[in-house]
Amino acid sequence: MKIEGHATRSIWLEPDGWSVGIFDQRHLPWEVRRMRLIRMEDAAEAIADMATRGAPLIGAVAAYGLALALREDPSDAGLETAFATLLRTRPTAVNLRWALDRVRAAVLPLAPAERATAAYACAAAICDEDVAVNRAIGEAALPLIEEMARRKGGAVNVMTHCNPGWLATVDWGTATAPLYLAHDRGIPLHVWVDETRPRNQGALTAFELASHGVPHSFVTDNAGGLLMQRGEVDMVIVGTDRVTANGDVCNKIGTYLKALAAAAHGVPFYVALPSSTFDPDTADGASVPIEERSEEEVRFLKGPDEEGIMRRVATVGSPARNPAFDITPAALVSGYLTEAGVMASPQQLSEMLRK
Ligand code: MRU
C-alpha cells in the first residue's frame with residue numbers, strides 16, 4: 001500500500017540485512033516516523049508500547065524479535081528467554097503466540113550456529129505469507145461488495161472499526177483488503193471509519209484510505225447506530241485479534257456494540273481473519289484474555305495542535321477503566337472472510353482453517 005505516495009510494507013529488513021524497520025505508529029497519522037529495531041528488547045518494547053500494533057503485524061514483529069535475539073544468543077536458554085519476553089508484551093492477539101511458536105519450532109531442532117539464519121527466513125516467510133493471505137481474503141470477500149453494488153445500483157457503504165488495515169498487517173490489511181480491491185476495480189464505495197477511542201486507530205484507517213484515494217468519512221464511535229437506523233450502512237467489516245473455536249470474535253473495544261446495532265437493523269456483519277488469527281485451542285470468547293490498558297488513555301486525548309503533539313485533559317479526577325477488546329458472540333456474525341473463502345458458520349470456519 002502507499003505511504004507518502006510510495007508502495008511499501010509495514011515491516012522490512014534494513015539495508016544492513018539484519019536490523020528491522022517499522023513505522024512508529026504512535027506518531028501516525030500526524031507524522032510519518034520510521035524506527036529501527038536492533039535488539040529483541042526493541043521489538044518487545046515496540047509491541048508493548050504500541051509503536052507497532054494490529055494482530056498480524058504484532059506476530060511479524062515478534063518473529064523478527066526472536067531472530068534478533070538469536071543473533072546475540074542462539075542457545076536453548078536464550079531462545080526460551082526471548083520467547084517468554086516477547087509473549088508477555090500483549091495478551092489478546094493470538095497471532096503473537098502463533099508466530100513465536102512457528103519460529104521456535106523452525107529453529108529448535110537446529111544447531112545454535114544455524115538458528116539466527118533460520119529464524120530470519122521464517123520471519124520473512126511469515127511476512128510474505130501475510131501479504132498473500134490478506135490479498136486472498138480481499139479476493140474472497142470482493143463478490144460480497146460487488147453483489148451489494150449491483151443490488152443497490154450505487155456506492156456501497158461499508159463501516160469498519162479500529163484499524164484492520166495494512167498498518168495492522170504486513171500489507172493490504174484484513175478487513176481493508178476487499179475495500180482496496182473494490183476501489184481499484186472501479187466499484188463505487190464509501191467507508192464509514194469509526195474513530196475507535198481511546199487510541200483512535202480509526203485515524204490510521206482514515207489515513208490509509210486517504211493515501212489510497214478511497215472515499216471515506218471519519219465518524220465518532222457512537223454514530224454507527226444512527227447511520228444504520230437510517231439505512232446508511234450496507235455492511236460492517238471488521239478485523240479480529242482472535243476467533244475462538246466456537247466462532248466468537250475478540251476485537252477492539254466497541255466492535256460488539258456495532259455487531260448488536262447491525263443485528264438490530266439487518267445489516268450484515270462480517271469478520272475478516274487470516275488463519276493465524278483462528279484459535280482452536282480456546283473454546284469461546286469468555287476464555288480470551290482481554291487486555292486492560294492504562295487509565296491515562298481514557299482520561300487524556302492525544303493529538304497535535306499548532307505547537308506540536310500535545311495531550312489534552314478529557315476528564316479530571318475520575319477513576320477510569322480501559323478494557324481494550326471485547327467479544328462479539330458468533331451468533332451475531334454473518335460470515336467469516338478468510339483466505340480459504342467466506343465461511344458462513346463457525347463450524348465451516350473451524351473445518352476449513354484446521355486443514
Ligand atoms: O490494540 P491494537 O491496535 O493492536 O488492536 C488492533 C485491532 O483490534 C485490529 O482490529 C485487529 O488487530 C485486527 S486487524 C488486522
Side-chain angles (χ1 to χ4, degrees), residues 1 9-11 22-26 28-29 46-62 89-99 126-127 130-131 133-135 137-138 141 159-180 193-208 221 236-243 249-259 269-279 285 288-294 297-298 302 322-328 336-339:
M1 295 287 107
R9 288 183 173 187
S10 59
I11 182 167
I22 56 172
F23 292 105
D24 185 342
Q25 298 193 25
R26 292 169 297 194
L28 286 171
I47 297 170
D49 201 39
M50 288 178 69
T52 192
R53 38 149 302 286
L57 185 57
I58 287 171
V61 172
T89 52
R90 290 193 75 188
T92 303
V94 74
N95 306 60
L96 176 62
R97 175 178 276 280
W98 173 87
I126 286 172
C127 290
D130 185 68
V131 178
V133 159
N134 293 330
R135 168 131 196 167
I137 291 172
M159 174 164 274
T160 191
H161 190 73
C162 194
N163 173 243
W166 72 263
L167 284 164
T169 63
V170 178
D171 205 349
W172 286 98
T174 55
T176 55
L179 307 181
Y180 288 124
V193 181
D194 284 354
E195 178 189 15
T196 318
R197 273 279 287 151
R199 292 293 293 236
N200 299 346
Q201 285 92 336
L204 301 176
T205 306
F207 168 77
E208 284 189 20
D221 292 319
V236 180
I237 310 182
V238 296
T240 170
D241 294 81
R242 188 185 302 227
V243 174
V249 174
C250 179
N251 192 44
K252 183 53 58 192
I253 194 79
T255 303
Y256 175 39
L257 282 174
K258 290 296 132 68
F269 182 90
Y270 296 110
V271 177
L273 75 145
S275 48
S276 54
T277 305
F278 181 58
D279 178 9
V288 176
I290 301 284
E291 179 177 16
E292 283 267 351
R293 297 189 60 86
S294 85
E297 291 183 349
V298 182
K302 197 175 177 190
N322 189 9
F325 298 91
D326 62 22
I327 304 296
T328 298
Y336 301 89
L337 315 179
T338 78
E339 70 263 34

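Counting starts at 1 for both ligands and their atoms, following the listed order. Fair warning: this is a prediction, and the values are worked out from it, not measured in the lab. Atoms considered below: every heavy atom in the structure, side chains included; atoms not considered: hydrogens, waters and symmetry mates.
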Interfacing atoms of ligand 1 (cut-off 4.0 Å, heavy-atom, [X]):
X      : answer
Cys162 : 5 (O), 6 (C), 7 (C), 8 (O), 9 (C), 10 (O)
Ala55  : 12 (O)
Arg90  : 1 (O), 2 (P), 4 (O)
Thr240 : 11 (C), 13 (C)
Gln201 : 1 (O), 2 (P), 3 (O)

Discussion item. Determine whether Ile253 and Phe325 satisfy the following criterion, side-chain contact (heavy atoms from CB on, under 4.5 Å), listing intermediate values before the conclusion.
Written reply: CA-CA 4 Å; Ile253 194 79; Phe325 298 91; 5.8 Å; no
So, do [X] and [Y] sit near enough that their side-chain heavy atoms are less than 4.5 Å apart?
X      : Y      : value
Trp98  : Ile126 : yes
Thr169 : Leu57  : no
Tyr180 : Trp166 : yes
Pro164 : Thr205 : yes

Worksheet item: Do you know which two heavy atoms are closest between Trp172 and Arg135, and how far apart they sit?
Response: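 Looking at all heavy atoms of both residues, the closest pair is CZ2-NH1, 3.4 Å.
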Worksheet item: If you measure from atom 5 (O) of ligand 1 to every heavy atom of Arg242, Gln25, Lys252, Arg199, which option wins on shortest distance?
Response: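 Looking at heavy atoms only, Lys252 sits closest to atom 5 (O) of ligand 1.
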Worksheet entry | ligand 1 contact by Pro56, heavy-atom criterion under 4.0 angstrom |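 Within the 4.0 Å threshold, so yes.
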Worksheet item: Nearest protein heavy atom to atom 10 (O) of ligand 1, by residue and atom, and its distance?
Response: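 The closest heavy atom on the protein side is Asn251 OD1, 2.8 Å.
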Practice prompt. Among all protein heavy atoms, pick the one closest to atom 8 (O) of ligand 1 and tell me residue, atom and distance.
Written response: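 Here the closest protein heavy atom is Asp241 OD1, 2.8 Å.
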Discussion item. Please report whether ligand 1 has a polar contact with Arg53, defined as an N or O pair separated by less than 3.5 Å (distance criterion only).
Written reply: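 There is such a contact, yes.
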Practice prompt. Indicate yes or no: does an N/O atom of Gly54 lie under 3.5 Å from an N/O atom of ligand 1?
Written response: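 For ligand 1, there is an N or O atom that lies under 3.5 Å from one belonging to Gly54.
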Worksheet item: Ion pair present between Arg197 and Asp221, side-chain N to carboxylate O less than 4.0 angstrom?
Response: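 No, Arg197 and Asp221 are not salt-bridged.
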Practice prompt. Tell me which part of Ala272 gets within contact of ligand 1: side chain, backbone, both or neither, using heavy atoms under 4.0 Å.
Written response: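 Contact part for Ala272 vs ligand 1: neither.
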Fill in: Mode of Met50 contact toward ligand 1 - side chain, backbone, both, neither (heavy atoms, under 4.0 Å)
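For Met50, only side-chain atoms sit under 4.0 Å from ligand 1.
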Discussion item. Regarding Asn95 and Thr277, do their side chains bring together a donor and an acceptor under 3.5 Å, going by distance alone?
Written reply: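 Distance-only check passes for Asn95 and Thr277.
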Practice prompt. Applying side chain to side chain donor-acceptor pair (under 3.5 Å) between Asn163 and each of Arg199, Glu208, Gln201, report the one that passes.
Written response: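 Among Arg199, Glu208, Gln201, the one that satisfies the side chain to side chain donor-acceptor pair (under 3.5 Å) with Asn163 is Glu208.
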